[in-house]
Amino acid sequence: MNGKQITKLGFEKKAIKLALAAAGQREKAGLSRHEILDELQAVQANPQAYLTGGVYAELATELTSQQEAQQARQTAALRPTPLPYRVWGEDLIEPGARTQMDVAMQLPISRAGALMPDAHVGYGLPIGGVLATQDAVIPYGVGVDIGCSMRLSVLPLKPDSLTTDEARKLLLKHTRFGAGVSFEKSFRGDHEVLHEGTWRDQPVLRHLHDKAAEQIGTSGSGNHFVEFGTLTLPQADLGLEAGEYLAVLSHSGSRGFGAQVANHFTKLAQALHPTLDPAARKLAWLPLDTEEGQAYWQAMNLAGRYALANHDLIHARLARALGVQPAASVGNSHNLAWRQRVGEHDLIVHRKGATPAEQGQLGLIPGSMADPGFVVRGRGNPDALASASHGAGRQMGRKAAANTLAKRDVQAYLRERGVTLIGGGIDEAPQAYKRIENVIARQGDLVDVVAQFTPRVVRMDTGSEDV
DNA sequence: ATGTTC
């Protein structure tokens, strides 16, 4: 018996040596070459049956692990070409975002997708990306700020019933901005989401409960904001008469809690797919029939509810301070994954910076700190997996904005539109964003505009450089 | 987006 005959059978690497050693023992036991080759083929065909002992146990162990590695490579292999997907506002989208979406559409778990007109490059899936997968969820397909969402409260007040100075004082008193920030202990709010039993179901949730409790009702940093403005409703809708109303609009997420959940499960997903193509490494997924997949699904949905709770508190505080109850309220999450029927299939639809837009579903698409936002009603377009943009979308990265935009130009932009800004950084300048009018115009087959919100007094975190 | 980080 020699190595040539063994390799001819298809044994590879360490298995060749182990097969030779076993064959030698069988020769000593008096078996013919032909009989030994038959035995080796039998081991090769079903190594699992030889694992427990005997002369072929070591070979069987090696073959089993080679099989598993091969299987892992196959399940992690990308499709040679991306599945087709539709793009809205192609002329507004940078090539990098298209490339990221192409990679996402090459994942073996991907089934359908779409790119919204506010799309720009993000971690893993682009912002403005919609991705439907089969039986698996991608933590970075949802994003770091799990459950990031919008809320609008329309108040039963005339727009001019609140002065700019009063609005400023209310925002300063009742909102908190900045990474790691929480309300002072004596001023901290509470919410039923903090008392759910879910927090006790996983070590990672138990660990993060106290942080979540500290930060409840706060707004974070980056593009998050709370603002007073004027809602213009051209015709009766939302249970309201046509007209102009004082309104509060907020953009907030799941704060440190959601960020740590996202990073924890992304690491788990990457560890589960060690052979995943490096181009798709940030799109590592968790199969939903695994313990890890179920744990992420539970944690993600808790972070989604927690983000909504932050809006609950922000709006309740401001309304109470004004002595009113909202006359109407609209809101939506735009960083989350949902189970959704897509054609014949029950899929996991990731929206990473995309507004759910089922037929008749209300949503909010903000512009920028000084540009209008829109209340929209979904048209349930199946090619967009019933989605729309989540905002105007960046046309300039944070660094590029800080390097190229001038403070006085941003100040002039705010002044021209009569917007008062508290905090805010040059990296969030309106000029760093696409023109919201263009972005809305590109998605007329995804949503109908119901009302326009014009910001007047805006609070954001202080950016890398103040405006 | 988070908070000073595998």
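When reading the values below, keep in mind they use all heavy atoms of this one structure, side chains included, and skip hydrogens, waters and symmetry mates.
For the pair A:R394 and A:Y433, the distance from NZ or CZ to the six-membered ring centre is under 6.0 Å and the angle to the ring normal is within 45 degrees. Remark: A:R206 fails to qualify as a cation-pi partner of A:W199 under the 6.0 Å distance and 45° angle criteria applied to the six-membered ring. Stacking of A:R317 on the aromatic ring of A:F187 is recorded, both the 6.0 Å distance cut-off and the 45° axial limit being met. Note that A:R281 lies outside the cation-pi zone of A:Y140, set by a 6.0 Å cut-off to the ring centre and a 45° limit from the axis.
Look at A:N223 and you'll find a side-chain N or O under 4.0 angstrom from OP1 or OP2 of B:dA1. Between A:S221 and B:dT2, a side-chain N or O to OP1/OP2 separation shorter than 4.0 Å is present. Residue A:R255 has no polar side-chain atom (N or O) positioned under 4.0 Å from OP1 or OP2 of B:dA1.
Nucleic acid contact for A:Q215: sugar-phosphate only, since backbone atoms but no base atoms lie under 4.0 Å from a heavy atom of the residue. When heavy atoms are screened at a 4.0 angstrom cut-off, A:Y123 is found touching base atoms of the nucleic acid. Backbone-only engagement by A:G256 is indicated by non-hydrogen atom pairs under 4.0 Å involving sugar-phosphate atoms exclusively.
Rounding to whole angstrom units, CG of residue A:D427 and P of B:dT2 are separated by 13 Å. Between A:H224 atom NE2 and B:dT2 atom P the separation is 5 Å, expressed in whole Å. Whole-Å rounding puts the A:N310 CG to B:dA1 C1' distance at 13 Å.
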Under 3.5 Å, N/O pairs linking protein and nucleotides 4-6 of chain B:
none

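Other residues, nucleotides and ligands contribute only 12 or fewer heavy atoms inside 6.0 Å of the CZ atom of A:R168.
Using bins of under 30°, 30° to 60° and over 60° for the plane-to-plane angle, the ring pair A:F257/A:Y306 lands in the perpendicular bin.
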